**Student:** 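One structure coming up, written as structure tokens, with questions to follow.
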Amino acid sequence: MFNWVRSFLTNFYITVVIDDKDCKIYGEFVRKSKIIKTIKTKFDIVNSRIDPTFNKLIKKESKNAYHSYISVLLHTSKQWVLPQGKQYRKFGIDPSTSQIVKMPSGWSIFVSNSEFVDTKRLLNNIKMDLVYSPFSLLYERIVQNKVDDKLTLYVYARDYSTTMMIFRNDKMKFGKYFNNDTKEDPIVDDKVLKSIDTTNLDDIIADEEDKLINLETLQDIDSVDVGFSDGSFQDIQTIEEDDEEIDIERSVANLGKLAKLIENIKIGVKEYYSNKLYNSDFIESVVIFDAIEFDDHLSETIQTEFLIEPIIYEADANQDLIRIVKRELNEKL
């Protein structure tokens, strides 16, 4: 009865996805199971605190709803996943100092208690109704896109983090989360590039060089009489150059993110194979949930590095999170 009545009320679902330098916010106002308004924005993180404008926005918008629910995706290295039957302390995990979430099929997520305190402080002590680990986000996509009968590496790739888990059917075998260090060069340093076989990345670099050559050619077009004596062509040229420069910067940045992603996956796979506690088998398939918007070079690079052609799906952390939140709240309320 309550759920039926609640369906006629306006509910405000807010998702907060924390990254290294900012928080991405996505919210939906829902009434009668229909989205009547959305909010999408982001706020900078300065000195480990979100811009206070975030709190003002939530307070203001919450007045337009009967209920408001704030859900947060953690961004911390102090979280782990293990099969329930494992001896946690052998993996350096103290269950007495962690929040433990038992997941289907006999595995658990661990998050250090201190991380909840730090996250609330980062959000200026706002009330957090639901808090999720990136492992939950990845598992949601695994359930939707599961590969049957093969030992499969699943990866959720975001700008500043990598979440990976290995499953065979419903059995979780291994998991690891990487929170990329913001102090590192945002492109990539020489050590990272040396640790990766970048043969397949040559095409990317060649493409960017071609674009730069094209830009230099455009600069010479002023000497050609094209019938625009008022200088309007120069304005068009400048816009085209700016657009191409932005595209090049984005491509180079993605090159660095791709290198970091491959480095993270290699570290995780090496740990899985080398640690006898995991009783590892050979990975047979790879599935990537791409929230960075890589191009076709992602597939080529994964295939070159791991000799497996990956399955790649587009991903959006805020959208994936809000689907979980709305489903779980409807089940609980």
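Just so we're clear, the structure is a prediction, and the values are computed from it rather than from any experiment. Position 1 is the first residue of the sequence, and the numbers go up from there.
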**Student:** Could you measure the distance from the CD1 atom of Ile283 to the CZ atom of Phe306? Nearest 0.5 Å is fine.
**Tutor:**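 Ile283 atom CD1 to Phe306 atom CZ measures 8.0 Å (nearest 0.5 Å).
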**Student:** For the residue pair Met164 and Phe135, what are the closest heavy atoms and their distance?
**Tutor:**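 For Met164 and Phe135, the tightest heavy-atom pair comes out as O-CE2, 3.9 Å.
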**Student:** Mind listing the closest non-hydrogen atom pair of Leu258 and Leu298 along with its distance?
**Tutor:**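 Minimum heavy-atom separation between Leu258 and Leu298: CD1-CD1, 3.7 Å.
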**Student:** What verdict does the side chain to side chain contact (heavy atoms under 4.5 Å, CB included) test give for Phe12 and Lys37, after you've listed the backbone C-alpha separation in whole Å, the side-chain angles of each residue and the deciding distance to 0.1 Å?
**Tutor:** CA-CA 9 Å; Phe12 183 29; Lys37 178 183 175 182; over 6 Å; no
**Student:** Salt bridge or not between Asp129 and Lys127? Use side-chain N to carboxylate O under 4.0 Å.
**Tutor:**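 Looking at Asp129 and Lys127, the cut-off is met.
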**Student:** Kindly state whether the ring of Tyr273 and the ring of Phe282 have centres lying under 6.0 angstrom apart.
**Tutor:**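 Aromatic pair counts; centres sit under 6.0 Å.
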**Student:** Any side-chain donor paired with an acceptor under 3.5 Å for Tyr132 and Glu328?
**Tutor:**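 Glu328 and Tyr132 do have a side-chain donor-acceptor pair below 3.5 Å.
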**Student:** Does the Asp51 side chain pair with the main chain of Thr53, one donor and one acceptor, at a distance under 3.5 Å?
**Tutor:**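 Pair found, side chain donor or acceptor close to backbone of Thr53.
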**Student:** If I compare all heavy atoms of Asp19 with all of Ile45, which pair ends up nearest, and what's the gap?
**Tutor:**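 Answer, listing the atom of Asp19 first, then Ile45: O-CD1, 3.5 Å.
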**Student:** Does Gln144, at its CD atom, have more than 12 non-hydrogen atoms belonging to other residues, nucleotides or ligands within less than 6.0 Å?
**Tutor:**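 Counting neighbours around CD of Gln144, more than 12 heavy atoms of other residues, nucleotides or ligands fall under 6.0 Å, so yes.
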**Student:** Give me the one residue out of Leu137, Asp22, Leu73 that meets side chain to side chain contact (heavy atoms under 4.5 Å, CB included) with Val17.
**Tutor:**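 For Val17, the side chain to side chain contact (heavy atoms under 4.5 Å, CB included) check succeeds only for Leu73.
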**Student:** Quick one: CD1 on Ile36 to CZ on Arg31, what's the gap to the nearest 0.5 Å?
**Tutor:**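 Atom-to-atom, Ile36:CD1 and Arg31:CZ are 4.0 Å apart.
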**Student:** What heavy-atom pair brings Lys146 and Asp148 nearest, and what distance separates the two atoms?
**Tutor:**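 Smallest interatomic distance, heavy atoms only, reads CE-OD1, 3.5 Å.
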**Student:** Taking Asn169 for its side chain and Asp149 for its backbone only, find out whether a donor-acceptor pair lies under 3.5 Å.
**Tutor:**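 Confirmed, Asn169 side chain pairs with Asp149 backbone.
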**Student:** Would a distance-only check, ignoring hydrogens and angles, find a side-chain to backbone donor-acceptor pair under 3.5 Å from Tyr272 to Asp281?
**Tutor:**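 Such a contact is found between Tyr272 side chain and Asp281 backbone.
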**Student:** As an exercise, state the distance from CD1 of Ile267 to CD1 of Ile262, rounded to the nearest 0.5 Å.
**Tutor:**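 Those atoms lie 11.5 Å apart.
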**Student:** Considering the options Asp118, Asn124, Thr119, which one meets the side chain to side chain donor-acceptor pair (under 3.5 Å) requirement together with Arg121?
**Tutor:**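 The single option meeting the side chain to side chain donor-acceptor pair (under 3.5 Å) with Arg121 is Asp118.
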**Student:** Let me confirm one number: the SG-CG distance from Cys23 to Leu123, rounded to the nearest 0.5 Å.
**Tutor:**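 The distance works out to 5.5 Å.
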**Student:** With a 4.5 Å limit on heavy-atom distance, are the side chains of Tyr69 and Leu130 in contact?
**Tutor:**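 No, every pair of side-chain atoms sits at 4.5 Å or beyond.
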**Student:** How would you list, by chain and number, every residue that makes a side chain to side chain donor-acceptor pair (under 3.5 Å) with Ser68, sequence neighbours excluded?
**Tutor:**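 In terms of side chain to side chain donor-acceptor pair (under 3.5 Å), with neighbours along the sequence ignored, Ser68 is linked to Ser62.
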**Student:** Whether the side chain of Thr152 engages the backbone of Arg168 through a donor-acceptor N/O pair (distance < 3.5 Å, no angle test) should be reported.
**Tutor:**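 Here the side-chain-to-backbone pair does not exist.
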**Student:** Determine, stepwise, if the pair Met165 / Tyr156 fulfils side chain to side chain contact (heavy atoms under 4.5 Å, CB included).
**Tutor:** CA-CA 9 Å; Met165 290 197 287; Tyr156 201 115; over 6 Å; no
**Student:** In this structure, would Leu307 and Val155 fall into the same cluster of hydrophobic residues linked by side-chain contacts under 4.5 Å?
**Tutor:**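 In one cluster with Leu307: Val155, no.
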**Student:** Quick check on side chain to side chain contact (heavy atoms under 4.5 Å, CB included): which of Ile142, Ile312, Ile311 does Val287 satisfy it with?
**Tutor:**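 Of Ile142, Ile312, Ile311, side chain to side chain contact (heavy atoms under 4.5 Å, CB included) with Val287 is met by Ile311 alone.
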**Student:** Salt bridge or not for Glu271 and Lys176, using N-O below 4.0 Å?
**Tutor:**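 Salt bridge flag = yes for Lys176 with Glu271.
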**Student:** What about Phe54 and Val46, same hydrophobic cluster or not, with Ile/Leu/Val/Met/Phe/Trp/Tyr joined at side-chain heavy-atom distances under 4.5 Å?
**Tutor:**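 Phe54 does not cluster with Val46.
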**Student:** For residues Ile14 and Ile58, report the shortest heavy-atom separation together with the two atoms involved.
**Tutor:**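 So the two residues come closest at CG2-CD1, 3.8 Å.
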**Student:** Examine distances only and state if a side-chain atom of Thr15 and a backbone atom of Tyr26 form a donor-acceptor pair shorter than 3.5 Å.
**Tutor:**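 Pair found, side chain donor or acceptor close to backbone of Tyr26.
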**Student:** Compare every heavy atom of Asn113 with every heavy atom of Ser98, then report the nearest pair and how far apart it is.
**Tutor:**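 Looks like C-OD1, 3.5 Å.
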**Student:** Going hydrophobic residue to hydrophobic residue with side-chain gaps under 4.5 angstrom, can you get from Ile35 over to Ile322?
**Tutor:**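 Yes: a chain of side-chain contacts under 4.5 Å links Ile35 to Ile322.
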**Student:** Could you go through the side chain to side chain contact (heavy atoms under 4.5 Å, CB included) check for Ile302 and Ile265 one step at a time?
**Tutor:** CA-CA 10 Å; Ile302 294 292; Ile265 295 174; 4.1 Å; yes
**Student:** Looking at Lys260 and Glu263, is any side-chain nitrogen of the basic one under 4.0 Å from a carboxylate oxygen of the acidic one?
**Tutor:**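 Yes, this pair counts.
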**Student:** Assess the side chains of Tyr177 and His75: does a donor N or O sit below 3.5 Å from an acceptor N or O?
**Tutor:**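 On atom types as modelled, these side chains qualify, holding a pair under 3.5 Å.
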**Student:** Hey, are the side chains of Thr76 and Ser112 touching, using non-hydrogen atoms and a 4.5 Å cut-off?
**Tutor:**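 No. Closest side-chain heavy atoms not under 4.5 Å.
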**Student:** Please tabulate, one pair per line, all N/O donor-acceptor pairs under 3.5 Å involving side-chain atoms of residues 103-111, not counting sequence neighbours.
**Tutor:**
unit_1 : atom_1 : unit_2 : atom_2 : d
Ser105 : OG     : Asp170 : O      : 3.2
Trp107 : NE1    : Pro104 : O      : 2.9

**Student:** Within the side chain of Asn275, is there an N or O that forms a donor-acceptor pair under 3.5 Å with the backbone of Leu277?
**Tutor:**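 Yes, Asn275 side chain to Leu277 backbone: donor-acceptor pair under 3.5 Å.
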**Student:** Between Asp290 (side chain only) and Ile292 (backbone N and O only), is there a donor and an acceptor less than 3.5 Å apart?
**Tutor:**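 Side chain of Asp290 to backbone of Ile292, a donor-acceptor pair under 3.5 Å: yes, one is there.
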**Student:** Measure the CD-CD distance between Glu300 and Glu309 for me, rounded to the nearest 0.5 Å.
**Tutor:**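 Atom-to-atom, Glu300:CD and Glu309:CD are 10.5 Å apart.
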**Student:** According to a 4.5 Å side-chain heavy-atom criterion applied to Ile, Leu, Val, Met, Phe, Trp and Tyr, with indirect links allowed, do Val117 and Val72 form part of one hydrophobic cluster?
**Tutor:**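 No, separate clusters.
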**Student:** Does the side chain of Arg327 reach to within under 4.5 Å of the side chain of Glu140, using non-hydrogen atoms?
**Tutor:**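 Arg327 reaches Glu140 side chain to side chain.
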**Student:** Hey, could you give me the CD1/OG distance between Ile308 and Ser299, rounded to the nearest 0.5 Å?
**Tutor:**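 Taking CD1 in Ile308 and OG in Ser299, the distance rounds to 12.0 Å.
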**Student:** Before giving the answer on side chain to side chain contact (heavy atoms under 4.5 Å, CB included), spell out for Phe289 and Asp320 the whole-Å C-alpha distance, their side-chain angles and the decisive distance to 0.1 Å.
**Tutor:** CA-CA 11 Å; Phe289 302 105; Asp320 288 337; over 6 Å; no
